[in-house]
Every structure is written in C-alpha cells, then in structure tokens.
Amino acid sequence: MNFKQRVITDLQAHVALSEEQIASLIERPKNAKLGDYAFPVFALAKIEHKNPVVIARDLAEKLSDPAFSQIQAVGPYVNFLIAHDCLVSETLHEVLTQQTAYGTQHIGSGNVPIDMSSPNIAKPMSMGHLRSTMIGNAIANILTKVGYTPIKINYLGDWGTQFGKLIYAYKTWGDEEAVKRDPINTLVKYYVEFHQKAEQDPSLDAQGRAWFKKLESGDKEALYLWRWFRDASLKEFKRIYGELDVHFDSITGESDFNDKMTPIISQLEDKHLLKTSQGAKIVDLGEDQNPALIQKSDGASLYITRDLAAAIYRKQKYDFVMSLYVVGNEQGEHFTQLKAVLKLMGYDWSDQIHHIPFGLITSGGKKLSTRKGNIIMLDKVLKDAVSLAHEQIAVKNPDLENADQVAHDVGVGAVVFHDLKNERLDNFDFDLKEVVRFEGDTGPYVQYTNARAQSILRKAKKPIELTSLALTDDAAFSVAKDLAEFPEIIKKSAERFEPSVIAKFALNLAKKFNKYYAKVKILSDDDQLNARLALVSATSLVLTESLRLLGVHAPQRM
Ligand code: ARG
C-alpha cells in the first residue's frame, strides 16, 4: 500500500488544497519516532488566517485511519505514524502477490540507446570499460523496469591514428605467430613499444599517420591487418562479456562511421560552421569552450566526427527519447562539444543526449594507464575473484553441490557489485580481497543473506498463505519498511541513472534481515509462523530482484 497516498486521501477530505498541493507539502520527519509522515499547515494558516498550531490540533482530531497507529498534532504539524502491523501485512501481501513484478512501474517509454562498454580493440579491456559495461547494463535493466526500451550498444574504439601506429609496428617488428597465440597482449606490447621508440625517433609518428591514412582510404593490406586485429580482439571481449553475462543489442564501432563523414562535413559547411585553423577544420563553440576539432590537416577524421555521425544515425534508426553514453568522467568535454555541435547543426534533440559519467578506478592509489603498462587485467581479476570465492565456500559449505557455478556467481558478482555500490562519480581504489569478502558491504554478503533466506524456506517446507501476515515486532517492521520502499528506490535510481541507490538499498535490507534473523526464532511453530515465513520470502524476492537489476546472480545455496 502506498501510505503517502493514504495520508493525502485522508487530508483531502478535510482541507481546501488540491491533491498535488498536499502531496508536495508532505514531509518525512527526520526523527522517525515522531511520525512517518508530517503535514505542515502553514499553507492552510495563510488561507484561513488562523494560528497554525490551532489548525494542526483541530485537523488531527478530525482524522482517523487504521493504517496509522497515531495521528497527532505537534506544533504546526500533523504527524502520521504508520501502524506496524498494517505496514507489515500490506507490504508482504503486495510483494508476494506481485512477485518479480514488484517495483515495476511506468515512468516513461520509448527507445533509449545506451552506449556502453565500448572498449578499444588491440588493447585489454580495462577496469574503466568494466565500469561502463556494468553501469550501462544495470541502467538498461532499471530503465526496462520503469517502462523504457533500452538498446545496448557496444561502440568499439576501432578507428583512429593509433591503428596506423599499430600496423606500422606490426609490419616493422611484429611476429604473426605471437599475435595468433595471444592477440591482445601481443598487440598492446607493440603499441607500448611504438611509443617508446617514437620518443627516440619522432619520425615514427608520421609513419603511423601515413598508415592510418592508408586505412582510411581503403588500402587492402592495411584493411586486412586491421580486420584481423579487430576480430581477434572482439573474440576476447566476447569471452569476458560471457563471464559477466552481459549481452548487446548492437555491436558497432567507430569504423562503421568512417564512410559517413562526407555528409557531416558538407552539412557543417552548408551551415557555415566550419573554420580552418592551421590547416585543420574546426567548429567554434564560443568563448567558454574549446573549439571542436572536426578534421585534421591531413584530412583524417577524428573521434568527435565519428561520434557526430553515430549520434545522427542513432536518432534516425531508433527515434530515441533519450540517448545515453556511459563513458568515464574524463570525457566530459568531448560530450559537451558533441552536444554543442549537434545543436549548432540544428538538431534540437541534442538535448536528449546525456553523458553518464563515472569516476576513476585506481590501484594502490595510482591511476591506471595502458601506455605506461600500469593496468589491472580484467580477465585476471575475474579469475582471481572466482578462486577467492571458491576458497571461502570450501570453508563455509564444503558439501555444496554446483560449487563451481556458485563460486563463479559469487566471484564475478562480487566484482560487479563493488563497482556498482560506489556512487557512479566516485573514484575508488580496487582491492580484490576487500571485494570478495562475505562480510561487510559486499555483493557476497547480499548473496549470502539471500541464500540464508532460501535455506530457511527450504527447511520450513510449508507453502506460504497470503492471509494473516501481520507482525508487530520492531525487527520485522524495519525489514518491511525497506521492502515497502523498493518501488521508490527503483524510481530514484532510474531518474538519477544511479545503480548505487539499489546496491545500497540491498545492503541495508540484508543487514536488517540479518538482525531479524538473529533476534527472532523464525521457524518456531506458533500462529505467526506463516507471517514470518512471508517476511523471509518477500525479503529474498526483493534481494534477488535488486541483484538482478544490478546484473548480479543470486545463488539459492552457498
Ligand atoms: N572507446 C572509447 C574509450 O575507450 C569510449 C567510447 C565511448 N562512446 C562514444 N560514443 N564515444 O575511451
């Protein structure tokens, strides 16, 4: 039941304000002992020209509703205290009838392309790309839950001068067999070596640019090598996506927009937006912003040019209501420029483009960089996380069936959950041991709590009835109160594109449930057994659904 709506309805019968006005005035008192909702009467006092304290007192006397154990005037406020038994039984009834649809709601509809993951070929997928992948995936799940149709787009970084450098490096000192054996690591080694050598010999840069030029004009050899590097990289990426259980609706790349440059350039020219600066073509974005570099002096296209083409293509293809880009915070300027250029081109839908930035992952306090060789290998992180999970399961539950599958769900889930529980924009340090702990603010803790709830239900061997669901003790009430908030939590996380809202909610719910578990003998055979099992079942449902939205599996046993 929506208790806030109850408050509104109760008040509407007695005050001369509209439903919206009342709704906007209702507050949540900081001190929960005073009430769960408070209605300030200042607006009424103005209309009625009366003392607010008197109005509050008179109003409180007129109101009565069994959903509230107390409706009381405190100064110029009328406070409503939700009746514990009522909240518990109404909430459990709602969760258990709606099952996994609990929390599903309508906030909006329409297509929402989400540019996510988008790693660069010939480089290992980084922790940053993991963040983009998992935040994008969670946002897609959350948006689906509130009515939208997300389209998950992986826009590979597969075009640009760096591939000219790579082709030059491979042709000059590369080894075919080595690339075949271990493509990404070998190619990234060539790339790093290229930069080292270029420091000694600056002419290498020109060689790299020349090869990229060849690639852009369709040179056979350049294309052949590029395609080989791309396919080999994608194969490895796909293995990682398999581990993470993330699927895309579309895998494209910057290269797909290489041949769509000409119309963009001519549009910009027709609108007199292009200026020439030191041989390069730029769009001036006013005093407060750097100009956008659209075409290099040698005619080569740029990251932003390809993004312009891709953005226009997405609008045409998907007729989106919003277009999201889950990309690191450091690319903020790029997306500001992208939107600004589209706007100048006359595309008002540029306002529907949202950069969804996220913070940096560091290791031992240091920034990660492929070029400097300071990288965390995602592949290895996932493997290590799974073996750490294995170790802990072997101690906690040595006879567990499917231990491999569970260790996989727990290890990978731990890494993903860790990534999502941090506010998107926060920077954080990555320490695997912290991430895979079964206690503390971790994914395994939530999974373990859910498995514990499942085990209670198995032991009870009783179907749950949907009648007599009332519980009055504080521990049960605090669990049910969280359960009742789930729809609101989903809404908040959808509106802010912030999966951490759900991750934090799941952690709190798990903590409260464990308190309940420690305090109450759930399985004792008395007349509240059914209600307690209903609470356990509803908690497990909401925890599982929270994890699902985050893209984390919830094993039944662990
Ligand atoms: N490949 C880029 C990188 O790794 C991210 C691409 C983001 N998407 C976009 N449409 N620009 O930095």
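Just so you know, ligand 1 is whichever comes first in the structure, and atom 1 is the first atom listed for that ligand.
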Near V327 (heavy-atom distance under 4.0 Å), the atoms of ligand 1 are 7 (C), 8 (N)
Has ligand 1 got any nitrogen or oxygen that is less than 3.5 angstrom from a nitrogen or oxygen of N120? yes
Can a donor-acceptor pair be found, under 3.5 Å and without considering hydrogens, that links the side chain of K145 to the backbone of Q105? no
Number the atoms of ligand 1 from 1 as they appear, then name those within less than 4.0 Å of a heavy atom of Q331, with their elements. 3 (C), 12 (O)
If you measure every N/O of E254 against every N/O of ligand 1, is any gap under 3.5 Å? no
Let me see the working for N111 and Y148 under side-chain hydrogen bond (donor to acceptor under 3.5 Å, both in side chains), right down to the final yes or no. CA-CA 6 Å; N111 285 342; Y148 291 101; over 6 Å; no
Within ligand 1, which atoms have a heavy atom of Y155 less than 4.0 Å away? 8 (N), 9 (C), 10 (N)
Is the NZ atom of K271 crowded by more than 12 outside heavy atoms at less than 6.0 Å? yes
Taking only heavy atoms of Y303 into account, list the atoms of ligand 1 that are under 4.0 Å away from them. 2 (C), 5 (C), 6 (C), 7 (C), 9 (C), 11 (N)
For ligand 1, which atoms sit closer than 4.0 Å to a heavy atom of F335? 11 (N)
Would you tell me whether D307 and H334 have side-chain atoms, one donor and one acceptor, within less than 3.5 Å of each other? yes
A student checking ligand 1 against Y325 at a 4.0 Å heavy-atom cut-off should list atoms 10 (N)
Would you say K396 has more than 12 foreign heavy atoms packed within less than 6.0 Å of its NZ? yes
With only distance considered, is D115 within less than 3.5 Å of ligand 1 through an N or O on each side? yes
Ligand-residue contact atoms, ligand 1 with H129, heavy atoms, under 4.0 Å: 3 (C), 4 (O)
Neighbour count >12 (heavy atoms, 6.0 Å) for atom CZ, R230: yes
Reported OG-to-CG distance for the pair S500 and D419, which is rounded to 0.5 angstrom: 11.0 Å
Centroid-to-centroid, F438 to Y445, below 6.0 Å? no
Shortest heavy-atom approach to atom 9 (C) of ligand 1 - which of I121, V326, D307: D307
